[in-house]
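Single-structure report; data block below.
In the text below, chain A, chain B and the rest are named by the order of the sequence lines, each starting its count at 1. Predicted, not measured: the structure shown is a model, and the values here were computed from it.
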Amino acid sequence: MTSKSQIKDELEEFVKLGDVRLILSEYIPCDRNSLESINQKLMAKKSMQGKFVTMLMDSWPERAIFQSEKKCSAVRIIEYKPSEYIQCEATMQDPEDTIVQDEMIGMRLSHEGNMIYGCRITHITGKEIGKDPTASLDLISRVIPDIMYDSSLLIDTLLTHHQRSILDCVFKGTANNRYKFVGLIASSISPAFDEVSLYLDGEDYQNELEQVLDDIRSVQEVSTDRTLIMIGEGGILLVSPDWRKYESLVIYYCLLRSAELFVDALFNRISLLNDELNEARNLIERSTEGDYSVITKAQNLLTEATANYTILNSTGGYLDRGFGLINEQWSKSKDSIDSDLLSLVAIDDGFMALLNRIRDIDLVLNSIRSEVEGLQTLLSTQIEQQMRRLYSALRDNTRSTSEVIKASERTGDVLDVIQLVLSGTIAFDIIMAFTGEYTTPLAQLSLEYPLLFFLCAIILWVVIVIGLKKAMDFLGRRIEKEHMIRQSLNIRCDPAKIEGYLADKVVVSVDEEVQDKREVVRTHYLFDASEIEKATVTLTYDRKNGVLQDLVIECKGTNVMEIKRKVLRELEECFGASIPL
Amino acid sequence: MFHGLTEDMLKLLFIISEYTQTNDEDNPLWIKELPLLAIIHEGIVKGVFKSYDYSPTSVPMLDGTRRWLNISREGKDDIEDLINLQLIAILRLSTSQYGYMTAYKPTVLVGEVLSSLTPELKDEVYSLIQHECGCNYEVLFSPDDISFVCSTCTFKLETSMGFIEDVSYLTEPYFPSLE
Ligand SMILES: [Zn+2]
């Protein structure tokens with residue numbers, strides 16, 4: 001153990017590799033325009049050596065200075081074919097790394113969406129890795145997570161905003177921890193068994209191989225040139241002195257398996273979306289049962305789920321396109337690969353199965369779309385009904401408020417009159433302050449005929465009261481007051497007859513509230529009681545159950561009762577029955 | 001009867017039986033795989049499991065995200081061997097979050113094996129799974145927090161299962177050929 005490692009465990013190293021190349025493969029939704037946008041970020045068209053790229057956005061374009069994070073990725077373009085692929089080398093130093101790492105990674109980004117990261121491991125814990133098998137799988141298994149994480153950071157700085165939001169959605173905000181399928185290529189292995197099955201001992205050798213490949217699915221060999229292929233759930237290992245011959249096979253296999261990983265994650269995310277929609281549905285149902293407090297929550301939930309659906313749906317489209325294209329490429333390049341090995345690795349079947357899975361994802365997405373649309377309609381109906389309830393509550397409120405105002409107006413009138421009377425009294429009091437209590441010749445009369453005098457006072461008082469009352473009524477008539485009466489009816493009647501009656505009225509507005517068990521219609525129309533008197537009548541009836549619910553009459557003038565009688569008479573004529581009150 | 005059992009396998013069996021003891025015969029207890037692997041990892045660090053190694057593995061969490069954890073392949077392999085020997089039973093169950101979970105419990109055959117354990121071996125295991133007060137640790141397992149908890153003393157020991165050790169290395173870019 002060298003001083004350059006933090007491993008607490010004493011490692012027993014059984015399997016070692018020589019001349020080790022590591023490939024990480026992943027699928028990221030991409031297209032020619034996204035690739036072009038990445039190109040522009042890298043200024044790929046200009047031949048310039050190395051540049052730093054950051055994923056940070058410039059929030060203040062008007063400022064002259066930009067503050068970046070401590071470490072950025074440094075990228076140098078190696079090869080570039082417009083809107084086909086970019087090949088670049090990149091390095092990233094994670095600020096948290098305490099041990100100096102000098103890692104350069106090759107990246108190949110293609111418009112179909114397959115991203116390949118490749119590197120040759122030249123040194124581990126200070127020791128050089130040459131042709132001889134000296135790199136232990138124990139150590140390699142500790143290098144892989146680091147490169148996998150850093151490659152996520154590197155590609156993150158290059159991707160478009162839309163691509164990042166797809167990754168963020170699919171991997172639930174933990175995109176940097178996503179797994180990439182591992183391809184290991186080596187020219188030699190120790191121990192070098194003649195019989196490949198010896199590696200699957202179920203003990204030490206297999207355990208170490210599974211540290212990098214996860215559970216092993218199969219082990220294959222091409223005996224003619226001592227080539228060994230091991231395939232696990234998480235990776236593939238190729239050991240061959242003539243490894244260049246099998247390079248593209250490994251790459252295509254990694255592509256296929258990494259796409260499967262992406263489809264797995266996508267399907268998992270879609271299931272979660274289904275859950276989110278179910279929760280939204282529950283909340284909406286609760287609101288139909290009268291719990292209006294949850295409407296806003298349901299609205300937020302549905303908005304978020306809809307946004308996620310839009311992202312996942314676009315991802316399905318990218319997969320369709322990308323893997324159609326990759327499959328075509330594979331069909332062309334597979335001719336150059338050893339046909340025996342080809343049948344052992346079974347990439348063709350893998351591509352067929354993958355394309356079918358992608359088609360099935362579309363199926364699930366379609367069913368989710370109808371669910372999203374259904375919920376949106378349901379929710380907007382609920383919101384509309386809530387608005388209606390709010391509106392009618394508001395209307396009743398306004399009515400009672402205006403009645404209060406009118407009552408206080410009348411009180412005000414009375415106070416005005418009292419004020420007038422009082423001011424008169426005060427005026428006389430002031431005069432008397434100067435003159436003193438004065439007596440007239442008539443004063444003698446009151447002493448002689450007290451009863452008569454008292455009677456006269458009473459008569460005078462009555463006259464003044466009547467006079468004032470008349471004056472107030474006169475004033476009241478001059479300000480035309482608004483009157484309103486509500487008459488609840490609740491009688492059965494034929495809705496067609498009501499509508500026939502309303503047909504020759506001037507209808508101002510109609511409010512309809514449709515629920516499961518009733519359809520309440522509120523019609524506002526104008527009623528001509530006579531040449532001068534006009535009233536607004538609101539007739540509320542339940543169209544579904546045929547019930548005339550109530551009648552509200554609003555008019556200016558005093559004879560509301562008269563108008564009400566007229567309206568009721570018209571209704572009686574129309575139904576041919578009397579209306580009991 | 002079970003002569004093929006290594007010392008580490010016996011310790012593993014003892015841990016599984018310690019965590020699944022219950023008086024309720026109708027509703028047996030099972031130990032979940034990830035917490036068991038957390039105990040194994042801690043056991044390797046403390047030197048209880050002498051023949052095991054661990055290495056970073058990308059593990060799917062129940063919520064569908066992934067995390068790098070130090071997992072012992074040898075430990076997993078020994079669990080499989082114990083299943084094949086019918087000393088432990090395996091249960092697969094789905095969770096409310098779409099992930100699948102594995103859990104283990106000892107079979108009836110285990111009694112005979114456990115009765116042959118030496119007190120030294122038991123003490124070694126207790127030093128791993130018991131707090132100093134003598135209570136078994138509960139294993140708390142969530143994507144952000146993997147720790148051993150003694151609820152009697154409100155003591156918490158964070159494990160290093162999620163801490164991936166750095167190894168220094170050098171790499172140079174490699175561009176595989178697609179043709
Ligand atoms: Zn304790």
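Within 6.0 Å of NZ in B:K46 there are more than 12 heavy atoms belonging to other residues, nucleotides or ligands. A 6.0 Å sphere centred on NZ of B:K32 holds no more than 12 heavy atoms belonging to other residues, nucleotides or ligands. Atom OH of A:Y85 has more than 12 neighbouring heavy atoms from other residues, nucleotides or ligands inside a 6.0 Å radius.
At a threshold of 4.5 Å between non-hydrogen side-chain atoms, the residues B:P176 and A:I116 count as touching. The shortest distance between side-chain heavy atoms of A:H123 and B:Y169 does not fall below 4.5 Å. Contact of the A:D138 side chain with the B:D53 side chain is registered, since non-hydrogen atoms from C-beta on lie closer than 4.5 Å. B:S58 is not listed as a side-chain neighbour of A:P145, based on a closest heavy-atom distance of 4.5 Å or more. Looking at heavy atoms from C-beta onward, A:I147 lies in side-chain contact with B:T171 at the 4.5 angstrom threshold.
Contacts of A:D335 with chain B are absent, with no heavy-atom separation under 4.5 Å from either backbone or side chain. For chain B, the nearby parts of A:D214 are the backbone and the side chain; heavy atoms of each come within less than 4.5 Å. For A:S141, the parts lying under 4.5 angstrom from a heavy atom of chain B are both the backbone and the side chain. Interface remark: A:M107 contributes backbone atoms only to the contact with chain B (heavy atom separation under 4.5 Å). If you measure heavy-atom distances from A:I251 to chain B, the contacts under 4.5 Å come from the side chain alone. Only the backbone of A:C88 comes within contact range of chain B, with heavy atoms under 4.5 Å apart. For chain B, no part of A:Y117 is nearby; none of its heavy atoms comes within less than 4.5 Å. No part of B:N70 comes within reach of chain A, as not one of its non-hydrogen atoms sits under 4.5 angstrom from that chain. Interface remark: A:W330 contributes no atoms to any contact with chain B (heavy atom separation under 4.5 Å).
B:L170 CG to A:T125 OG1: the interatomic distance, rounded to the nearest 0.5 Å, is 10.5 Å. Put simply, CD on A:E103 and OG on B:S168 are 12.0 Å apart, with the number rounded to the nearest 0.5 Å.
Of the listed residues (A:R244, A:E203, A:E208, A:Q329), the one with the most heavy-atom contacts under 4.5 Å to chain B is A:E203. With chain B as the partner, the residue from A:Q206, A:R108, A:Q87, A:E128 showing the most heavy-atom pairs under 4.5 Å is A:Q87. Heavy-atom pairs under 4.5 Å with chain B peak, among A:R120, A:E79, A:E89, at A:R120. For the set A:G183, A:G173, A:S248, the entry with the most heavy-atom pairs within less than 4.5 Å of chain B is A:S248.
With sequence neighbours excluded, the residues satisfying side-chain contact (heavy atoms from CB on, under 4.5 Å) with A:L261 are A:Y179, A:F181, B:R66. Annotation: salt bridge (charged side-chain N to carboxylate O under 4.0 Å, His left out) contacts of A:E112 (sequence neighbours excluded): none.
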Is there a side chain to side chain contact (heavy atoms under 4.5 Å, CB included) between A:I78 and B:F175? Walk through the geometry before answering. CA-CA 10 Å; A:I78 301 294; B:F175 298 100; 3.8 Å; yes

Applying side chain to side chain contact (heavy atoms under 4.5 Å, CB included), run through B:I164 and A:D146 and close with a yes or a no. CA-CA 9 Å; B:I164 305 305; A:D146 209 62; over 6 Å; no

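Under a 4.0 Å N-O distance rule, the pair B:R73/A:D204 does not qualify as a salt bridge.
A donor-acceptor pair under 3.5 Å is absent between the side-chain atoms of A:T174 and the main chain of B:T65, judged by distance alone.
Here the closest non-hydrogen pair linking B:D77 and A:G202 is OD2-O, 2.7 Å. Nearest heavy-atom pair, A:Q211 versus B:S55, reported as atom, atom and distance to 0.1 Å: CG-OG, 3.1 Å.
A cation-pi geometry, defined here as NZ or CZ lying under 6.0 Å from the six-membered ring centre and within 45° of its normal, holds between A:R21 and B:Y174.
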